Amino acid sequence: MVFSCDAFDSHEEVVFVSDPACGLRGIIAVHSTVLGPAIGGCRILPYADDTSALRDGLRLSRGMAYKAAAADVPFGGGKAVVMADPSTQKSPELLRALGRFIDGLGGRYITGEDVGTTAADMVEIRRATPYVMGMPEEQGGSGDPSPRTALGCFVGIEASASHAWGHSNLPGARVLVQGLGNVGFNLCRLLAGAGATLLVSDIRREVVDRCVDAFGAEAVHPDAVIDTPADIYAPCALGGVINDRSIERLRVRVVAGGANNQLEELHHGDALRSRGILYAPDYVINAGGMIQLAMERLGRDREETERRVRNIRGTLTSIYRIADAENVATNVAADRLVERKLQSRSAAAAA
Ligand code: NAD
């Protein structure tokens, strides 16, 4: 049989797992262990078919490898995808069966939470394997990663402001935060503390009111976000917000926020660049939570975790320099930074 999948990118190892007794059907994809064991969450979704699940696993594990490498943590990227409806088909037996397969990889892949899984599920998987991160705090885990994701976004916004205007002073800067959930609300707190003027939007009225009351923010209707003038737009809700329909309408100088997959397509990074809008690559600026989990895994303290999250500022600055020097979009520059890092490590290992 000829194997063909557009998401295949020289992944080191892809394992199909099945246990009919508990209904487990899944795929564990390890993109790379060049920098260390592959980390990445376990996603449980009722995929339309096996090919969709495979493509998702391949794409997400590659994404994790790039994220970990950009963040300078000694880990590679992986992902587990399970083809099941988490609300009806997820069971302790299924989670433990998956744990046994993960255990069989001998530590080359370490799982964690993702769409369709919770910290409680990690406790169940932990019964079958030690290769799990993101345990609940009372069981030695490092707790909610969102505040660290928000901190990374905050220092990333400072780095972006610095590159765009030559200074990272936020007082007076108008920052438009879309999505006031775990990441967005914490980001608003940090921005307000730095003296930024906040414009906030969410489809949940109560969280908007909370930001207006707590930080003196101005509310923006969810349908008006893209057309609202601001200095910085921080997407912290959904992916795909930078697309053919939004780019021409944006009235901002910087896009820097925590949402995953902000560019609908990779070429939208070029489109932003042509409009003179500086884009902070999402997987770099939103890596704070992943850094926390990586540090939890390594048994490092809060101080080191925070220092490494703050390093996102320096990483973004390097990416902006590469983008300028090589005349490419910032998302391309980020990928180049990572690919050079992986190549030089592979070459050093082979020597
Ligand atoms: P969350 O679910 O807590 O918050 C998302 C918020 O966006 C909610 O308040 C929701 O009401 C709002 N929202 C949804 N649609 C909206 C719309 N059209 N307009 C305005 N607001 C809308 O999620 P989160 O944990 O804060 O994560 C936010 C984003 O950051 C996601 O894309 C997530 O994948 C990404 N991310 C999160 C983390 C983390 O540590 N939580 C880490 C990396 C990336």
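All values reported here derive from a predicted model rather than from experimental measurement. Just follow the structure's listing: the first ligand is 1, and inside any ligand the first atom is 1.
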Using the rule that two of Ile, Leu, Val, Met, Phe, Trp, Tyr join whenever any of their side-chain heavy atoms come within less than 4.5 Å, decide whether I285 and L272 are in one cluster. no
Lys NZ or Arg CZ of R273 over Y279 ring: under 6.0 Å, within 45°: no
Sidechain N-carboxylate O distance under 4.0 Å for R336, E339: no
Judging by distance only, is a nitrogen or oxygen of V183 under 3.5 angstrom from one on ligand 1? yes
Checking N186 side chain against N182 main chain: does a donor-acceptor pair fall under 3.5 Å? yes
A student checking ligand 1 against L238 at a 4.0 Å heavy-atom cut-off should list atoms 15 (N), 18 (N)
Examine ligand 1 and decide if any of its atoms is less than 4.0 Å from a heavy atom belonging to S146. yes
Would a 4.5 Å heavy-atom cut-off, applied to side chains only, mark S162 and E158 as touching? no
For a side-chain hydrogen bond (donor to acceptor under 3.5 Å, both in side chains) check, start with the C-alpha distance between H268 and N331, then their side-chain angles and the critical distance, and finish with the verdict. CA-CA 9 Å; H268 290 128; N331 57 311; over 6 Å; no
Min N/O separation K67 to ligand 1 under 3.5 Å: no
Is there side-chain contact between V115 and L45, with heavy atoms separated by less than 4.5 Å? yes
Can you say whether the rings of F215 and F185 are parallel (under 30°), tilted (30 to 60°) or perpendicular (over 60°)? tilted
Winner among C236, A287, A259 once heavy atoms are compared against atom 28 (C) of ligand 1: C236
Considering only non-hydrogen protein atoms, determine which one is nearest to atom 34 (O) of ligand 1 and report residue, atom name and distance to 0.1 Å. N260 ND2, 2.8 Å
Heavy-atom proximity to atom 8 (C) of ligand 1, best of I203, V177, D202: D202
Of all the non-hydrogen atoms in the protein, which one sits nearest to atom 23 (O) of ligand 1, and at what distance? N182 N, 4.5 Å
Find all atoms of ligand 1 within a distance of less than 4.0 Å from any non-hydrogen atom belonging to G258, and give their numbers and elements. 30 (O), 35 (C), 36 (N), 44 (C)
Please confirm whether G289 approaches ligand 1 to less than 4.0 Å, judged on its heavy atoms. no
Under 4.0 angstrom from atom 4 (O) of ligand 1, is there any protein heavy atom? yes
Quick one: does atom 36 (N) of ligand 1 have a protein heavy atom under 4.0 Å from it? yes
Any N or O of G184 that comes nearer than 3.5 Å to an N or O of ligand 1? no
Measuring from L176:CG to R251:CZ, what's the distance to the nearest 0.5 Å? 11.5 Å
Can you tell me which residue and heavy atom of the protein come closest to atom 29 (C) of ligand 1, and the distance to 0.1 Å? A237 O, 3.6 Å
Looking only at protein heavy atoms, which one is nearest to atom 43 (C) of ligand 1, and what is the separation? N286 O, 3.6 Å
Closest to atom 40 (O) of ligand 1 among protein heavy atoms sits T149 OG1, 2.7 Å
Check: E113 and D121 side chains under 4.5 Å, non-hydrogen atoms: no
